[in-house]
There are 2 protein chains.
Amino acid sequence: MTQTLTIREMCDIYQVTPRTLRFYEAKELLSPTREGSKRLYSKQDRARLQLILRGKRFGFSLEDIRQLLDMYDHNGSNQAQLNRTYLLAQDRIAQMKQQAAELTLAIQELETEMRGVEVTLAAFRNAAE
Amino acid sequence: MTQTLTIREMCDIYQVTPRTLRFYEAKELLSPTREGSKRLYSKQDRARLQLILRGKRFGFSLEDIRQLLDMYDHNGSNQAQLNRTYLLAQDRIAQMKQQAAELTLAIQELETEMRGVEVTLAAFRNAAE
DNA sequence: ATAGAGCTTGACGTTAAGGTAAACTTAACG
DNA sequence: CGTTAAGTTTACCTTAACGTCAAGCTCTAT
């Protein structure tokens, strides 16, 4: 029961266009199997796509993401290759931790700003009696 | 002692190129004063630039960022304008909180992956005696 | 059998975010 | 006084990440 999905189903689920999926495939971020000429997306393909979309939300480029993905399935990789990926991932993790800290701070600052704006808006409403 | 900086000083401090600063100005994200034709960046300009660069790290577009910046100095804005900005910022904050949660999760997952890779690498080294 | 829906490839267009190069001003220096 | 250094504008170039459109295949329903 290896549930595979068509391109349309993928698009509906993940809110992307067919063009996007084909583009990611061209960039070697995805590699769906074929049934004739039609693409079929496996469970792993779906997992990868989720990682891709998540990476994008964090501001990573597709190339950045491709390298991270390589680490998740370091199957055919040799030692040297794997080691390079490992070091690269260490950097990324540090970067992400830094980003998480900054993000938390930014949220706090914005919320403080929001309270200031609330006061201003309340004053506006008061002035209108 | 209103310490203002030249474009070069700004570039050195924030690791951007003059082109980038001029570009942000064209996009109305910055508005340095002039001394003759030369740009001079005030303390507020510096604060704004920091917010811009931070926003970029989170994957926001310059246009997204411009709207957020508007909230930080909602000086000449009228009620309707301010209210729209406020609602928009609420969305952004929700989005950022979501992003923070996801980021934390992603970090954990990556670190788990890393441990797996460490084992693989250790095995490689063992095989080499 | 033909008409349409859904898939394919291929090619060209578009937008954001700058890079790069040319021509010009202006201040400063020997 | 000439020239170099740092700034300016204008204009075109580039890259990433897709959008859009054309032309063709294949299956299913009418």
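Here is how names work: the chains are called A, B, and so on, in the same order as the sequence lines, proteins then strands, and each is numbered from 1. In this text the structure is predicted, and so the values were computed from the model without any measurement.
For the atom pair B:Ile93 CD1 and B:Leu88 CG, the distance stands at 11.0 Å (nearest 0.5 Å). Atom NZ of B:Lys56 sits about 5.5 Å away from atom CG of B:Leu62, to the nearest 0.5 Å. The structure places CE of A:Met10 at 8.5 Å from CD1 of A:Ile7, a figure rounded to the nearest 0.5 Å. Taken from OH in B:Tyr41 to CZ in B:Arg46, the straight-line distance is 12.0 Å, to the nearest 0.5 Å.
Residue A:Tyr24 places no side-chain N or O under 4.0 Å from the OP1 or OP2 atom of D:dA17. Residue B:Thr6 has a polar side-chain atom (N or O) positioned under 4.0 Å from OP1 or OP2 of D:dG7.
Each of B:Glu102, B:Gln99, B:Glu109 was compared with A:Arg54 under the side-chain hydrogen bond (donor to acceptor under 3.5 Å, both in side chains) criterion, and only B:Glu109 meets it.
For B:Glu63, the side-chain hydrogen bond (donor to acceptor under 3.5 Å, both in side chains) test picks out B:Arg66, B:Gln67, with sequence neighbours left out. Residues satisfying the salt bridge (charged side-chain N to carboxylate O under 4.0 Å, His left out) test with B:Glu9, not counting sequence neighbours, are none.
Taking atom CD of B:Glu63 as the reference point, atom C1' of C:dA17 lies 13 Å away to the nearest angstrom. Put simply, CG on B:Asp64 is 17 Å from P on C:dT15, counting in whole angstrom units. Counting to the nearest Å, the C1' atom of C:dT25 and the CD1 atom of B:Ile7 are 15 Å from each other. Atom CG of A:Leu5 is separated from atom C1' of C:dC7 by 16 Å (rounded to the nearest Å).
Contacts between residues 25-39 of chain B and DNA chain D, defined by a heavy-atom separation below 4.0 Å, involve B:Arg34, B:Ser37, B:Lys38, B:Arg39, listed by number. Of the residues in residues 15-23 of chain A, A:Thr17, A:Arg19, A:Thr20, A:Phe23 come within less than 4.0 Å of DNA chain D through at least one heavy atom, sorted by number. At a non-hydrogen distance threshold of 4.0 Å, nothing from residues 50-62 of chain A comes into contact with DNA chain C.
Pairing for C:dG30 goes to D:dC1, judged as Watson-Crick or G-U wobble with the two contacts each under 3.5 Å.
Stacking of A:Arg92 on the aromatic ring of A:Phe60 is recorded, both the 6.0 Å distance cut-off and the 45° axial limit being met.
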Validation: residues 20-33 of chain B side-chain donor-acceptor distances under 3.5 Å, sequence neighbours left out:
from    : atom 1 : to      : atom 2 : distance (Å)
B:Thr20 : OG1    : B:Thr17 : OG1    : 3.0
B:Glu25 : OE1    : B:Arg39 : NE     : 2.5
B:Glu25 : OE2    : B:Arg34 : NH2    : 3.3
B:Thr33 : OG1    : B:Leu40 : O      : 3.4

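Hydrophobic clustering (side-chain heavy atoms under 4.5 Å, transitive across Ile, Leu, Val, Met, Phe, Trp, Tyr) groups A:Ile13 together with A:Leu53. Side-chain heavy atoms closer than 4.5 Å link hydrophobic residues (I, L, V, M, F, W, Y) into clusters, and following such links, possibly through other members, connects B:Phe124 to B:Val117.
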